[in-house]
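Every heavy atom of this structure was used, including side-chain atoms; hydrogens, water molecules and symmetry mates were not.
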Amino acid sequence: MSKVLIFSAFNDVSALECAIKEVNSGNEVHVIQCDKQMRICMHNMYGSSTFCELCHHAMMTAWKESGIYDRITIKSFRELLAADDKLNAQKFEVSFDSVLGLKTLKYKGAEVGFGAFSSYVSMTRNVMPDITDDFKKFIAFLIRREIEMYDAAERYAKQIEVDKIIFHNGRFSNYKPFLALSQNLHVNYLVTEHDYCDGKVMSHFVENNNVHEIEPCIKLMNENWEIGKTREDAEYLGKMFYERRRKGKAAGDVVYTKNQQKGLMPDNWDETKENIAIFNSSEDEFCAVSSQFDSYTLFPTQYDALKAIFEHYKNDTTKHFYVRIHPNLKNVPFKSHLGLYELKYPNVTFIRPESPISSYDLMDGASKVLIFNSTMGVEATYWGKPVIALTYFYYSAFDAVHTPKNVDELWTMIDNKNLECKYNHDVIKYGYWLYRVNYPEFKYAKYKIMDFKFLGRRIHGVNIMKFLGCYKIVPILEMAIRKLTWLLPTTVISKLPGTEPYQVK
């Protein structure tokens, strides 16, 4: 019999699924339930203790209705927290003057700086915040909660002599401590994500690794392909992903090109020059995964990368760079996006997110394509273009793009007029992975997204998060708390730092 420790937070259906499975396998299950000691998270961005209480009550109701409540040991975070844990966290020096400095902050091997910044970016979408006093205070609050959680969980894990730890995501501040704890205790761990598709909930679980890292994702891609081949024409569907994307049809993601006009090109397009297309991407998800993930990048941010490229080629009249700003950045009012328009170079043209210029015609006309983490990179490879990736990403792992190891290699690749397209069959596997999800379906936890209208606005709840027997109350109160934060005396902050729109100079 193994002893399993599970951390459970807001709407954590994966924790329920794993707990039931472990109990049915005869294992001893211990659950640490998030509570108002953490205060700030993705769903409670201002730290309302009222919402914390509501969330904790709703998740406890889900546990009580799970069918295994009397067969597990469940503790709230504050039950495990000792006075010394708080003192220890307060003594930790949260000192930094840049995002890079923030990312170096660690506690017992836990990348607490990464955890705090990842949560902040996902809350705000601001990947280049000013390092103000308010920002530092906000980050310090998150980091100290991470430290408290690590110490409390470590003590409990040792007390029960844990064999396995299960937690969600591994990226945000309330999950990051469990990643380091698992590694420090040298026990097996499972990082959970789940996908909701066609009314089915599917497990996207990774053993002894992070769900965002390259190796486990390529493993999942290959497993997905092998399963798919036994069920359907995976080859056809893998190609169909690219065909549908090009036609502006849904293919496993939001359609970002539906308002673009086929055949429309920039007014200053000049066939006598070498035209190079650059497709940037939203940095939200991958800008603060881990130090290992950061080691894959040539530049700290996409802004830094683009500025370096333009500076290097500012006197090259034979080239023209066309930068397609990702449509998903249309309403992002921060420097990482808007600051690009301040970069003035005679051989650079920016195409704004809302522009009807066709991304695919731009790709077709370009001699080569530069990308970051955009799906457009592997799409360009599929359509026969040489692609240079400015960060080592999933498609770099199966050699579908050119991935320079340093800036000298980057310049050589950009200057190479005979750079080859690196198409290979894994491109089809990747397309199929994005188009069809063949992960195992949840067997035990009954989970369903429940859409409904409230005051003319469509919002959604989930069936497991109930208060007074109703799933609508939690999302309605969450929405109200976000709107009326300034009225509530029980919040940690009244406004997220660094959310003022950037003023283009």
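Taking the side chain as every heavy atom from C-beta outward, Cys52 and Asp35 never approach each other to under 4.5 Å. Side-chain contact between Tyr303 and Val127: absent, with no pair of heavy atoms (C-beta onward) separated by less than 4.5 Å. Using a 4.5 Å cut-off on side-chain heavy atoms (C-beta onward), Thr375 and Arg245 make contact. Leu362 is listed as a side-chain neighbour of Trp269, based on a closest heavy-atom distance under 4.5 Å. For the pair Phe77 and Met149, the minimum side-chain heavy-atom distance is below 4.5 Å. Counting heavy atoms from C-beta outward, Tyr439 and His194 have side chains that stay 4.5 Å or more apart. The shortest side-chain heavy-atom distance between Ser336 and Gln302 does not fall under the 4.5 Å cut-off. Annotation: side chain of Cys55 is not in contact with side chain of Asn44 (no heavy-atom distance under 4.5 Å).
Heavy-atom contacts from other residues, nucleotides or ligands closer than 6.0 Å to CZ of Arg458 number more than 12. The number of heavy atoms from other shown groups lying within 6.0 Å of CD (Glu215) does not exceed 12. At most 12 non-hydrogen atoms from other residues, nucleotides or ligands lie less than 6.0 angstrom from CG of Asp267. Under a cut-off of 6.0 angstrom, the local environment of CG in Asp130 is sparse, with at most 12 non-hydrogen atoms contributed by other residues, nucleotides or ligands.
With no hydrogens or angles considered, a side-chain donor-acceptor pair links Ser282 and Arg125 at under 3.5 Å. Side-chain atoms of His326 and Asn328 include no donor-acceptor pair closer than 3.5 Å. Checked by atom type, the side-chain pair Ser291/Glu111 shows a donor-acceptor distance below 3.5 Å. Using modelled atom types, one finds a donor on one side chain and an acceptor on the other under 3.5 Å when comparing Asp270 with Thr272. Side-chain atoms of His168 and Thr192 include a donor-acceptor pair closer than 3.5 Å. Under the 3.5 Å distance criterion, with hydrogens and angles disregarded, no donor-acceptor pair is assigned to the side chains of Tyr150 and Asn88. For the residue pair Thr403 and Glu409, no side-chain donor N or O sits within less than 3.5 Å of a side-chain acceptor on the partner. Between the side chains of Tyr296 and Gln292, at least one donor N or O lies within less than 3.5 Å of an accepting N or O. In the model, Thr297 has no side-chain atom that pairs as donor or acceptor with a side-chain atom of Thr391 under 3.5 Å.
Salt-bridge annotation for Glu148 and Lys86: absent, with no side-chain N of the basic residue lying under 4.0 Å from a carboxylate O of the acidic one. The pair Asp133-Lys136 does not count as a salt bridge, with every side-chain nitrogen at least 4.0 angstrom from each carboxylate oxygen. Salt bridge annotation for Asp304-Lys307: absent, with no cationic side-chain nitrogen under 4.0 angstrom from a carboxylate oxygen. Salt-bridge formation is detected for the pair Lys108/Asp151: a Lys NZ or Arg NE/NH1/NH2 atom is positioned less than 4.0 Å from an Asp or Glu carboxylate oxygen. The pair Asp316-Lys273 does not count as a salt bridge, with every side-chain nitrogen at least 4.0 angstrom from each carboxylate oxygen.
Qualifying ring pair (Phe, Tyr, Trp, His ring centres under 6.0 Å) partners for Phe114, counting only residues two or more places apart in sequence or in other chains: none. Partners of Lys103 by salt bridge (Lys or Arg N to Asp or Glu O under 4.0 Å), not counting sequence neighbours, listed by chain and number: Asp294. Residues satisfying the side chain to side chain contact (heavy atoms under 4.5 Å, CB included) test with Ala153, not counting sequence neighbours, are Ile32, Phe178, Leu181. Applying the side chain to side chain contact (heavy atoms under 4.5 Å, CB included) criterion to Glu207, with sequence neighbours excluded, gives Leu190. Residues meeting the side chain to side chain contact (heavy atoms under 4.5 Å, CB included) test with His460, sequence neighbours left out: Ile449, Asp451. For Lys417, the salt bridge (Lys or Arg N to Asp or Glu O under 4.0 Å) partners at least two apart in sequence or on another chain are Glu274. With sequence neighbours excluded, the residues forming a side chain to side chain contact (heavy atoms under 4.5 Å, CB included) with Thr349 are Asn268, His320, Tyr322, listed by chain and number. Considering only residues two or more places apart in sequence or on other chains, Arg144 meets the salt bridge (Lys or Arg N to Asp or Glu O under 4.0 Å) condition with none of them. By the salt bridge (Lys or Arg N to Asp or Glu O under 4.0 Å) test, Glu283 pairs with no residue at all, sequence neighbours left out.
Looking at His56, Met465, Met42, Met59 one by one, the single match for side chain to side chain contact (heavy atoms under 4.5 Å, CB included) with Phe10 turns out to be Met465.
Aromatic ring centroids of Tyr345 and Phe310 lie under 6.0 Å apart. A centroid separation of less than 6.0 Å is found between the aromatic rings of Phe286 and Phe393. The ring of Phe167 has its center no closer than 6.0 angstrom to the ring center of Phe7.
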Evaluation steps, side-chain contact (heavy atoms from CB on, under 4.5 Å), between Ile428 and Lys239: CA-CA 6 Å; Ile428 305 301; Lys239 295 176 181 178; 3.6 Å; yes
Worked check of ring pair (Phe, Tyr, Trp, His ring centres under 6.0 Å) between Tyr46 and Phe51: CA-CA 10 Å; Tyr46 305 105; Phe51 187 76; over 10 Å; no
Ring pair (Phe, Tyr, Trp, His ring centres under 6.0 Å) between His337 and Tyr341, worked out: CA-CA 8 Å; His337 163 213; Tyr341 303 130; 5.5 Å; yes
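In this structure, the separation between CD1 on Ile371 and CD1 on Ile388 is 9.5 Å, given to the nearest 0.5 Å. Taking CG from Leu100 and OG1 from Thr104, the interatomic distance works out to 8.5 Å, rounded to the nearest 0.5 Å. The CG atom of Leu237 sits 13.0 Å away from the CG atom of Leu434 when rounded to the nearest 0.5 Å. Here the straight-line distance linking atom CG of Asn174 with atom CZ of Arg39 works out to 14.5 Å at 0.5 Å rounding. Atoms NE2 and CG, on His43 and Asn11 in that order, are 6.0 Å from each other to the nearest 0.5 Å. Atom CD1 of Ile276 sits about 5.0 Å away from atom OG of Ser367, to the nearest 0.5 Å.
By the 30° and 60° cut-offs, the orientation of the rings of Tyr430 relative to Tyr394 is tilted.
Remark: Arg436 fails to qualify as a cation-pi partner of Phe241 under the 6.0 Å distance and 45° angle criteria applied to the six-membered ring.
The list of ring-ring contact (aromatic ring centres under 6.0 Å, His included) pairs with a residue in residues 351-371, not counting sequence neighbours, is empty. Applying the ring-ring contact (aromatic ring centres under 6.0 Å, His included) rule to pairs touching residues 362-391 yields Tyr242-Tyr382, sequence neighbours excluded. Applying the salt bridge (Lys or Arg N to Asp or Glu O under 4.0 Å) test to residues at least two apart or on different chains, the pairs with a partner in residues 383-402 are Asp399-Lys422.
Side chain of Asn424 to backbone of Phe398: a donor-acceptor contact under 3.5 angstrom is found.
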